[in-house]
There are 2 protein chains.
Amino acid sequence: MRIGQLAQLVGVETQTIRFYEQQGLLPPPSRQDNGYRVYTEKHGEGLAFIRRCRILGLSLAEIHKLQSYQDDPHQPCTAVNALLDDHISHVRSQITALQALENQLVSLRASCNDDREIEACGVLTGISEGNTHPAVGETSTI
Amino acid sequence: MRIGQLAQLVGVETQTIRFYEQQGLLPPPSRQDNGYRVYTEKHGEGLAFIRRCRILGLSLAEIHKLQSYQDDPHQPCTAVNALLDDHISHVRSQITALQALENQLVSLRASCNDDREIEACGVLTGISEGNTHPAVGETSTI
DNA sequence: TTAAATCTATAAAGCTACTATAAGGTCAAT
DNA sequence: ATTGACCTTATAGTAGCTTTATAGATTTAA
């Protein structure tokens with residue numbers, strides 16, 4: 001199978017496949033006489049694995065680690081689970097940070113309406129004066 | 001005030017200040033005879049504004065827009081509020097996506113414990129078999 | 001006075017994970 | 001012979017900085 005077919009099969013761009021090869025995530029395939037890459041089933045599985053990891057938010061470096069673990073099939077999978085646990089807590093802290101940010105933004109937005117001049121805009125003055133953190137012990141005027 | 005003092009005042013690196021100037025977010029300051037940049041309080045306020053926007057997750061392009069709005073103090077602030085509303089919904093969809101991701105990851109993690117060999121690792125087989133997402137139409141034999 | 005330390009300057013590369021473009025070679029069909 | 005689809009490599013662009021390289025200016029210590 002050539003690169004275009006593999007790309008269509010897995011749903012990526014051909015450049016992405018070459019990029020993964022260059023990054024050492026996909027083994028270099030053999031070549032036809034004209035230099036075209038020739039892929040096997042194994043490559044397809046490897047590429048699909050990478051894509052699913054990416055969908056799960058794993059970095060290429062993390063994927064690389066997972067691949068290296070797979071090279072020793074009889075080792076315990078402690079490290080794999082640890083990697084996933086780390087990733088889960090990473091995702092959770094992102095969520096927490098974004099929720100805090102959402103609160104800040106909503107509170108900032110509540111300090112203005114559309115009937116003002118720029119000069120008096122609650123959002124802009126809020127940012128300028130550093131009122132980007134919700135005041136403690138102060139009741140919101142929403 | 002020179003660049004180092006401004007940097008310390010606002011809590012950024014000197015390179016970041018030069019970078020913002022290069023990106024058109026900070027007006028070019030005047031120079032001493034030796035070429036050193038000389039900053040005023042206005043620059044300090046402008047830089048602090050940029051940093052607070054960045055903390056709120058606004059992109060440099062969005063900050064640029066906010067700055068251009070500030071150039072017309074008597075226009076209505078509708079666009080500012082709209083920009084913030086857009087940003088809020090952007091943040092909210094990020095949160096939603098991350099929460100869905102967290103669920104996937106936790107369910108994947110639950111399919112394994114640390115007492116297995118890599119070969120039988122629930123996490124790795126879960127990813128390999130595509131138990132993570134409805135996505136790519138792969139089969140057991142490609 | 002001179003050497004070291006600190007500050008400043010510019011320019012360019014590095015980071016992530018691709019995406020896009022350029023310039024060209026290969027192949028089947030027309 | 002030429003179109004068009006496919007392939008090749010190399011290079012640049014994306015965001016928002018950070019790091020590095022190299023060099024000149026200024027200040028401080030010996």
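Hydrogens, waters and symmetry mates are skipped; everything else that's a heavy atom, side chains included, is used. Note on naming: letters A, B, ... go to the chains in the order of the sequence lines (proteins, then strands), and numbering restarts at 1 for each one.
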Contact under 4.0 Å: B/T16 side-chain N or O vs D/dT18 OP1/OP2: yes
C/dT26 phosphate, OP1 or OP2, under 4.0 Å from A/R37 side-chain N/O: no
Separation of D/dC6 P from A/L6 CG (nearest whole Å): 15 Å
For atom CG of A/L58 and atom P of C/dT16, their distance in whole Å: 15 Å
Whole angstrom value for the distance that separates P of D/dA15 from CG of B/L25: 12 Å
Between C/dC7 (P) and B/Q5 (CD): distance, integer Å: 10 Å
Candidates C/dC27, D/dG16, C/dC18 - which lies nearest the side chain of A/N34: C/dC27
Side-chain heavy atoms of B/L25 within contact of B/H64, under 4.5 Å: yes
Distance below 4.0 Å between A/Y20 side-chain N/O and C/dA17 OP1 or OP2: no
B/I127 and its side chain to side chain contact (heavy atoms under 4.5 Å, CB included) partner, picked from A/V80, A/L84, A/L56, A/I50: A/L56
Distance, rounded to the nearest Å, where B/I3 contributes CD1 and D/dA25 contributes C1': 15 Å
Nearest listed nucleotide, side chain of A/F19, among C/dA17, D/dT8, D/dG16: C/dA17
Shortest side-chain distance from B/Y36, nucleotide among C/dT10, C/dA17, D/dA25: D/dA25
Nearest-angstrom distance from the residue atom CD of A/Q22 to P of C/dC18: 13 Å
Contact nearer the 5' end of DNA chain D, comparing B/Q32 with B/A61: B/A61
Selected nucleotide, minimal atom distance to B/S59 side chain, candidates D/dC17, D/dT9, D/dG16: D/dG16
Nearest-Å distance for atom pair CZ/P, residues B/R18 and C/dT10: 7 Å
Nucleotide of C/dT19, D/dG16, C/dC7 approaching B/R2 most closely (side-chain heavy atoms): C/dC7
Whole angstrom value for the distance that separates C1' of D/dC17 from CD1 of B/I50: 13 Å
A/R51-A/Y20 side chain donor-acceptor pair, cut-off 3.5 Å: yes
From D/dT18, D/dG16, C/dA9, nucleotide with atom closest to B/Q15 side chain: D/dT18
Residue B/E41 excluded, over 12 heavy atoms near CD under 6.0 Å: no
Short side-chain N/O contact to C/dC18 OP1/OP2 from A/R51, under 4.0 Å: yes
Neighbour count >12 (heavy atoms, 6.0 Å) for atom CD, B/Q8: no
